[in-house]
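Shown next, in structure tokens, is the structure this report addresses.
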2 protein chains.
Amino acid sequence: MPTIKYYVREGLLPAGRLTSPNQARYDDGHERRLRLIRALLDVGGLPLSAIAEVLGAVDDTAQPLHEVLGVAAVRITPAQAGDPAGVGPESAEAREEVAALLARRGWRVEPDNPAAQSLAGVLAALRRAGHGGFVELLDVYADAAESVAHADLDYVRRRVAREDLVESVVVGTVLGEAMFGALRRLAHVDASARAYEGGREAEPGAR
Amino acid sequence: MPTIKYYVREGLLPAGRLTSPNQARYDDGHERRLRLIRALLDVGGLPLSAIAEVLGAVDDTAQPLHEVLGVAAVRITPAQAGDPAGVGPESAEAREEVAALLARRGWRVEPDNPAAQSLAGVLAALRRAGHGGFVELLDVYADAAESVAHADLDYVRRRVAREDLVESVVVGTVLGEAMFGALRRLAHVDASARAYEGGREAEPGAR
DNA sequence: GGATAGCGGACAGTGCCACTATCCATAATT
DNA sequence: AATTATGGATAGTGGCACTGTCCGCTATCC
């Protein structure tokens with residue numbers, strides 16, 4: 001309960017309607033909003049400040065939809081740390097690699113898109129960590145990402161109400177990533193079980 | 001440089017060999033290790049404590065390989081917060097759903113695997129946030145995860161040296177997730193560009 | 001109608017995390 | 001010989017997500 005007070009203070013939750021100086025009423029919209037915050041925070045790992053900005057944009061009905069989606073896209077992208085300026089030979093190479101990928105796949109994305117920068121950051125980090133070979137898997141990953149993205153879009157397309165739409169985008173993007181991560185780990189366990197043992201047992205690192 | 005001191009103190013980096021009471025030498029293994037730490041920390045978002053445990057297991061050559069992979073698998077899995085005890089109706093339903101998925105796909109995974117619990121946590125959070133419909137995409141996601149996991153395994157299989165192997169698993173799992181996340185966001189941008197506009201421009205939320 | 005329990009609001013404090021700064025004695029550099 | 005740098009130890013910082021406490025009022029129970 002003190003947490004709710006705190007969220008209200010931080011502008012994450014609207015204050016309840018005061019029925020008297022010390023009595024406030026909360027409707028079930030509040031509860032839904034609270035569950036959304038908890039999901040984005042606990043599962044998605046978004047900082048409260050990012051959640052606050054996204055929710056603020058959602059609630060600002062004056063803002064056009066594409067503005068809101070823009071805010072969401074930026075705020076939702078994990079802060080790509082480590083060489084933020086993007087200097088160093090690996091970073092330059094990584095940016096070229098991303099540009100080549102976008103061209104190769106015909107993806108219509110501006111190269112200064114935050115996701116593109118974030119991808120370049122990952123590629124640079126892989127190279128710096130001595131695992132540049134992992135970058136060869138880019139296209140396999142991109143294929144998988146494409147099919148997931150289409151499914152995501154189908155899910156979002158079912159929404160009509162503005163708030164619902166934005167919420168679907170945010171939830172789908174953030175929780176979808178966590179969902180894929182968990183599935184990928186599960187698939188790892190299964191794949192290595194099959195690869196390293198012909199038959200019965202679970203894999204060594206399956207724990 | 002003070003950061004390196006700190007990492008040595010925390011046991012993340014081995015101390016350099018002392019040539020005299022105040023002079024230590026670091027070899028390039030140190031630098032490589034440092035880059036690995038930075039990648040896992042900055043890009044992967046792992047807490048230093050988790051990195052320390054994984055690296056500790058890697059360096060403990062007495063431990064059998066499967067033990068090390070076990071430690072890595074557990075430490076690498078994001079701390080599934082929010083309803084950790086897994087009580088509440090959504091959690092029970094989610095766990096059943098995960099079990100059904102594993103059975104349906106024939107994945108050989110013990111149901112108490114941390115990744116399975118983490119998936120159940122995500123599904124429960126989706127339900128609680130009022131986006132249970134997103135769960136319908138589970139199989140699309142699982143297909144994508146499977147193909148990515150096979151590629152990951154192929155990458156790892158090329159390693160022979162023990163330390164290299166474990167490092168590949170860790171890097172592949174952690175940075176691979178970041179790589180997929182970025183690609184998925186890029187694919188979103190492209191997909192909605194194609195869906196909402198016939199032709200030229202980038203999508204509304206593309207930034 | 002009087003005691004008590006609880007509310008909203010304000011503000012200070014907590015715990016964790018990843019550093020960062022300062023100090024000291026000694027050693028390398030110029 | 002003077003300056004600069006280093007390792008080791010300890011303390012301090014800043015960000016984040018809360019949590020605890022106090023206050024004045026009010027709703028409620030007996």
Side-chain angles (χ1 to χ4, degrees), chain A residues 1-27 29-31 33-56 75-85 121 125 129 174 178, chain B residues 1-27 29-31 33-56 75-85 121 125 129 174 178:
Chain A
M1 211 56 161
T3 306
I4 293 176
K5 280 183 177 184
Y6 169 67
Y7 287 171
V8 172
R9 243 178 300 152
E10 299 295 307
L12 285 151
L13 279 173
R17 292 305 118 202
L18 289 182
T19 61
S20 58
N22 71 338
Q23 251 5 55
R25 284 297 125 195
Y26 298 92
D27 55 15
H30 274 85
E31 198 182 330
R33 180 52 67 90
L34 181 58
R35 289 183 201 282
L36 175 62
I37 294 171
R38 300 304 322 187
L40 295 177
L41 179 69
D42 293 336
V43 181
L46 289 190
L48 283 182
S49 58
I51 298 175
E53 282 187 68
V54 172
L55 295 183
R75 293 282 101 197
I76 263 176
T77 305
Q80 44 126 184
D83 192 14
V174 175
Chain B
M1 209 58 159
T3 306
I4 292 175
K5 281 184 177 183
Y6 169 67
Y7 287 173
V8 172
R9 245 177 297 147
E10 299 294 307
L12 284 151
L13 279 172
R17 293 304 118 203
L18 288 182
T19 61
S20 57
N22 71 339
Q23 239 24 41
R25 284 297 124 196
Y26 298 91
D27 55 14
H30 274 85
E31 197 180 332
R33 178 53 66 92
L34 181 58
R35 289 183 201 284
L36 176 61
I37 294 171
R38 299 304 322 187
L40 295 178
L41 179 69
D42 293 337
V43 181
L46 290 190
L48 284 182
S49 58
I51 298 176
E53 283 185 66
V54 172
L55 295 182
R75 294 283 99 198
I76 264 176
T77 305
Q80 45 125 182
D83 191 14
V174 174

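In what follows, chains are A, B, ... by sequence order, proteins preceding strands, each numbered from 1.
For the pair Ala52(B) and Glu10(B), the tightest heavy-atom approach, listed with the atom from each and the gap, is CB-O, 4.5 Å.
Residue Leu13(A) forms a side chain to side chain contact (heavy atoms under 4.5 Å, CB included) with just one option from Ile4(A), Leu55(A), Thr3(A), and that option is Ile4(A).
The interatomic distance linking Leu13(B) (CG) with dG8(D) (P) rounds to 13 Å, in whole Å. Atom C1' of nucleotide dC17(C) and atom CG of Leu12(B) are separated by 13 Å, given to the nearest angstrom. Following rounding to the nearest Å, Leu40(B) (CG) and dA18(C) (P) show an atom-to-atom distance of 12 Å. Across the protein-nucleic acid pair, Ile4(B) atom CD1 and dT20(C) atom C1' stand 14 Å apart, rounded to whole Å.
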* Summarise protein proximity over nucleotides 14-23 of chain D in one line of letters, 5' to 3': B for base, S for sugar-phosphate only, - for none, counting protein heavy atoms closer than 4.0 Å. => ---BBB----
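Note: Tyr7(A) OH to Leu48(A) CG = 5.0 Å, rounded to the nearest 0.5 Å. How far CD1 of Ile51(A) is from CG of Leu40(A): 5.0 Å, rounded to the nearest 0.5 Å. Here the CD1-CG distance, from Ile37(A) to Leu46(A), works out to 11.5 Å after rounding to the nearest 0.5 Å.
The closest donor-acceptor contact from the side chain of Asp42(A) to the backbone of Gly45(A) lies at 3.5 Å or more, if one exists at all.
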